[in-house]
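Here, residue 1 is the first one in the sequence, and each next residue gets the next number.
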Amino acid sequence: MSETTFSSFDTMVDKANRLLRDIEKANGWPKERRKQSYAALRAVLHRLRDRLSVDGAAHLGAQLPTLIRGVYYDGWKPSETPVKLSGEEFFQRVRDDFPYAVDGGIEKIVRTVLEALKHYVSEGEWDHLKSGLPNSLAAVLP
């Protein structure tokens, strides 16, 4: 029996892996730390999603690669958003969700994840995202 692939699915997996590799590269992590790059991505995505309005979260989610979109929406409770957070509170919540040692501080992790995500979001949507956040958080976005 020959193995067949579903090219659309392969493309989705490739995009997700590229995003994780971008996070690893920016943090100097080897591929063997893929669980760590995934945990960083998930923690940042969930805090960002919960901080946005329902419409803002949906607009951002629509632009994410398909598999990453699933991570983004996992466990979301739209009726409980937005969660008002200061920049410090945002970083602390990401830190609480990220169970690994952090070289350079949690802010570095957040910035590298956001920089990697920016490549998948249109400039207009990124600007809209920044404008919907308080200055303390918008300043973190590249």
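Between the side chain of Arg95 and the backbone N or O of Phe98, at least one donor-acceptor pair lies under 3.5 Å.
In this structure Ser86 satisfies the side chain to side chain contact (heavy atoms under 4.5 Å, CB included) test together with Glu88, Glu89, sequence neighbours excluded. Judged as a side chain to side chain donor-acceptor pair (under 3.5 Å), and not counting sequence neighbours, Arg69 has no contacts. Every side chain to side chain donor-acceptor pair (under 3.5 Å) that Lys108 has, sequence neighbours left out, goes to Asn27. Applying the side chain to side chain donor-acceptor pair (under 3.5 Å) criterion to Glu115, with sequence neighbours excluded, gives no partner residue. Residues meeting the salt bridge (Lys or Arg N to Asp or Glu O under 4.0 Å) test with Glu107, sequence neighbours left out: Arg111.
Applying the ring pair (Phe, Tyr, Trp, His ring centres under 6.0 Å) definition to pairs two or more places apart or across chains, none involves residues 24-47. Every pair passing salt bridge (charged side-chain N to carboxylate O under 4.0 Å, His left out) that includes a residue from residues 50-63 is listed here, sequence neighbours excluded: Arg47-Asp50. Residue pairs meeting the side-chain hydrogen bond (donor to acceptor under 3.5 Å, both in side chains) criterion with at least one member in residues 12-24, sequence neighbours excluded, are Asp14-Arg18, Asn17-Arg34, Glu24-Arg34, Glu24-Ser37.
Using a 4.5 Å heavy-atom threshold, the side chains of Leu117 and Leu45 count as touching.
At a threshold of 4.5 Å between side-chain heavy atoms, the hydrophobic network of Ile, Leu, Val, Met, Phe, Trp and Tyr places Leu19 and Val13 in two separate groups. In the hydrophobic clustering of this structure, Leu20 does not group with Phe9; members are Ile, Leu, Val, Met, Phe, Trp, Tyr whose side-chain heavy atoms approach within less than 4.5 Å, directly or through other members. A continuous path of Ile, Leu, Val, Met, Phe, Trp and Tyr side chains, each step under 4.5 Å between heavy atoms, connects Val121 with Val54, placing both in one hydrophobic cluster.
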Extract all donor-acceptor atom pairs below 3.5 Å that involve side chains of residues 58-68 and protein atoms in other chains or at least two apart in sequence.
from: Gln63; atom 1: OE1; to: Ser122; atom 2: N; distance (Å): 2.6
from: Gln63; atom 1: OE1; to: Ser122; atom 2: OG; distance (Å): 3.4
from: Gln63; atom 1: NE2; to: Ser122; atom 2: OG; distance (Å): 3.3

Enumerate, atom names and distances included, each donor-acceptor pair closer than 3.5 Å involving a side-chain atom of residues 130-142, sequence neighbours excluded.
from: Ser131; atom 1: OG; to: His128; atom 2: O; distance (Å): 2.8
from: Ser136; atom 1: OG; to: Gly87; atom 2: N; distance (Å): 3.1

Atom pairs and distances, side-chain donor-acceptor, residues 70-82, under 3.5 Å, sequence neighbours left out:
from: Tyr72; atom 1: OH; to: Ala57; atom 2: O; distance (Å): 2.8
from: Asp74; atom 1: OD2; to: Arg42; atom 2: NH2; distance (Å): 3.1
from: Thr81; atom 1: OG1; to: Pro78; atom 2: O; distance (Å): 2.8

Can you check side-chain contact (heavy atoms from CB on, under 4.5 Å) on Leu114 and Val44, steps first, answer last? CA-CA 8 Å; Leu114 292 172; Val44 173; 3.9 Å; yes
Check the pair Leu48 / Leu129 against side-chain contact (heavy atoms from CB on, under 4.5 Å), numbers first and verdict last. CA-CA 10 Å; Leu48 186 58; Leu129 173 66; 4.3 Å; yes
